[in-house]
Number of protein chains: 2
Amino acid sequence: MSSAEKYDVFQAIADPTRRKVLQLLSEGELPISEITSHFSMSRTAVAKHLHILSEAELVSGRKIGREKRFRLQPEPLTELKQWLSFYEKFWDNKLSILKHVIENPGEDGLKVIEKENDTQMDKPNEIT
Amino acid sequence: MSSAEKYDVFQAIADPTRRKVLQLLSEGELPISEITSHFSMSRTAVAKHLHILSEAELVSGRKIGREKRFRLQPEPLTELKQWLSFYEKFWDNKLSILKHVIENPGEDGLKVIEKENDTQMDKPNEIT
DNA sequence: ATTATATAAAACCTTTTGGTTTCATGTCAA
DNA sequence: TTGACATGAAACCAAAAGGTTTTATATAAT
C-alpha cells in the first residue's frame with residue numbers, strides 16, 4: 001500500500017546512521033532500544049531513522065509485547081542495483097577492453113575501443 | 001587530492017536531479033548550459049548540483065574556451081556496488097536456496113537453510 | 001496497585017539543502 | 001571595441017533534515 005512514500009531508497013541510504021542501522025539489522029531482528037545502544041544519540045532520533053527506513057520499505061517493524069522489533073527488508077535494494085547496473089558498463093569497459101584484448105590475441109580489439117570513443121572520449125568537434 | 005570531501009557517493013546520488021545529470025552525462029561530455037536546458041531550474045542551481053557531483057568525484061569538469069564541459073566519472077560507484085554486494089546475499093538467498101535445490105537434486109539443501117535461519121528468521125527467544 | 005520499561009507523539013531548535021536573484025568576469029564574434 | 005555568451009560567486013530564502021526535550025500510553029514485573 002501507500003505508493004506515495006516520502007522517502008525512496010536513494011534518500012534512505014544517504015545517511016550514515018541509517019546505513020549502520022541496516023548493517024545492525026542484517027544480523028537479525030532488533031528492538032529500538034537495542035539499536036539505540038549502538039549510537040550516541042537519543043532513542044527518539046533512532047526511531048525517526050527507523051521510520052524513514054520503514055517508508056523506504058528497507059525495514060519492517062512488528063510489535064512484540066511492549067517492544068517493537070525491526071528487521072531488514074532488503075528487497076528495495078534491487079532498485080539500487082538496477083540503477084547501478086546501467087553505470088557499470090561505463091567503468092567496466094576500461095577493464096573489459098583489456099580483458100578482450102588478452103583473451104583474443106588474434107584480434108586487434110578496435111571495435112570495442114571505437115565504442116568507447118562514442119560514449120566517453122573527446123568529441124570530434126571539441127576545441128583543445 | 002582533498003580527502004576531506006563534503007559529499008560522498010551516497011549523498012550525491014540521493015537527489016533525483018543529480019541522478020538525471022549523471023544520466024545525461026553518460027551520453028558524453030556536456031557544458032553547463034546544455035545540461036541546464038534539460039531542467040526547469042536556473043543554471044546556477046544546476047551548477048551547484050554539478051559541484052556536489054564533482055566533490056563526490058562522479059563528474060569532472062574542464063574549461064574549453066568560455067564554457068566548462070562536464071563528463072561522467074563513474075569510478076566512485078564501485079563503492080556503492082561494494083556496499084550493495086553485502087546486502088545482495090540477504091535477498092538473493094531466497095532465490096539461491098531454490099536454485100541450489102533445483103540444481104542439486106541429490107542433496108537436501110539443509111545447510112543453506114540453516115544458515116538462513118541464523119541471520120534472518122525468528123529468534124528462539126521470541127514471544128509470539 | 002504500583003513502578004519500571006519500551007515506545008509513541010508532539011513541540012521545538014539548528015544546520016543543511018535546494019533553490020533564487022544579482023553582480024562580476026572572462027571569452028568569442030562582429 | 002562593443003556586445004553577447006557562459007560561467008563564477010555572493011547574498012539571500014524557505015523548507016527539509018537531523019537532532020533534542022517533554023508528555024503520554026501501553027505492557028511487564030513486583
I need the CZ-P distance between A:Phe39 and D:dG18, as an integer number of Å. 13 Å
Residue met sooner reading DNA chain D from 5', once A:Ser40 and B:Pro31 are mapped to nucleotides: B:Pro31
From CD of B:Glu55 across to P of C:dG18 the rounded distance in Å is 13 Å
Given D:dG18, D:dA17, C:dT20, identify the nucleotide with an atom nearest to the side chain of A:Lys6. D:dA17
Side-chain heavy atoms under 4.5 angstrom apart, residues restricted to Ile, Leu, Val, Met, Phe, Trp, Tyr: same cluster for B:Leu72 and A:Leu84? yes
Checking all strands, does A:Tyr7 fall into the base, sugar-phosphate, or nothing category for heavy-atom contacts under 4.0 angstrom? sugar-phosphate
Base versus backbone protein contacts along nucleotides 25-30 of chain C [heavy-atom cut-off under 4.0 Å; B, S, -]: --BB--
Under the rule for side chain to side chain contact (heavy atoms under 4.5 Å, CB included), what residues qualify as partners of A:Pro76, not counting sequence neighbours? A:Val9, A:Glu57, A:Leu58
Between D:dA6 (C1') and B:Glu29 (CD): distance, integer Å: 15 Å
With sequence neighbours excluded, tell me which residues meet side chain to side chain contact (heavy atoms under 4.5 Å, CB included) with A:Pro16. A:Arg19
Where along residues 42-50 of chain A does a heavy atom come under 4.0 Å from DNA chain D, residue by residue in number order? A:Ser42, A:Thr44, A:Ala45, A:Lys48, A:His49
Nucleotide C:dT16, atom P - distance to NE2 of B:His51 in whole Å: 16 Å
Quick one: label B:Gln11 by what it contacts on the DNA or RNA (base, sugar-phosphate, nothing), any heavy atom closer than 4.0 Å. sugar-phosphate
Rounding to a whole Å, what distance do you find between B:Asp15:CG and C:dT16:C1'? 13 Å
Taking the nucleotide of DNA chain C with the nearest heavy atom to each, does A:Glu34 or B:Met41 sit closer to the 5' end? A:Glu34
Among residues at least two apart in sequence or on other chains, which ones pass salt bridge (charged side-chain N to carboxylate O under 4.0 Å, His left out) with A:Arg66? none
Side chain to side chain donor-acceptor pair (under 3.5 Å) partners for A:Lys20, two or more places apart: none
Which of residues 16-23 of chain B have a heavy atom under 4.0 Å from DNA chain C? B:Arg18
Can you give me every donor-acceptor pair (side chain of residues 39-56 of chain B, partner residue at least two apart or in another chain, under 3.5 Å) with its distance?
{"unit_1": "B:Ser42", "atom_1": "OG", "unit_2": "B:Ala45", "atom_2": "N", "d": "3.1"}
{"unit_1": "B:His49", "atom_1": "ND1", "unit_2": "B:Arg18", "atom_2": "NH1", "d": "3.1"}

Length of the CZ-C1' vector between B:Arg62 and D:dT7, whole Å: 17 Å
Return the value, rounded to whole Å, for the distance between atom CG of A:Leu30 and atom P of C:dT7. 11 Å
Partner residues of A:Ser60 under the side chain to side chain contact (heavy atoms under 4.5 Å, CB included) criterion, sequence neighbours left out: A:Arg71, A:Gln73
Restricting to side chain to side chain donor-acceptor pair (under 3.5 Å), what partner residues turn up for A:Gln11, sequence neighbours left out? none
State plainly whether the residues A:Glu29 and A:Arg62 are in salt-bridge range, i.e. N to O under 4.0 Å. yes
Under the side chain to side chain donor-acceptor pair (under 3.5 Å) rule, collect the residues that match up with A:Ser37, sequence neighbours excluded. none
Does D:dA6 have its OP1 or OP2 closer than 4.0 Å to a side-chain nitrogen or oxygen of B:Lys68? no
B:Lys81 and B:Glu79 ion-paired at < 4.0 Å: no
Do any pairs count as a ring-ring contact (aromatic ring centres under 6.0 Å, His included) and have a residue in residues 66-89 of chain A, sequence neighbours left out, and if so which ones? A:Phe10-A:Trp83, A:Trp83-A:Tyr87, A:Phe86-A:Phe90
Write down the distance between CD1 (A:Ile13) and P (D:dA17), rounded to a whole number of angstrom. 16 Å
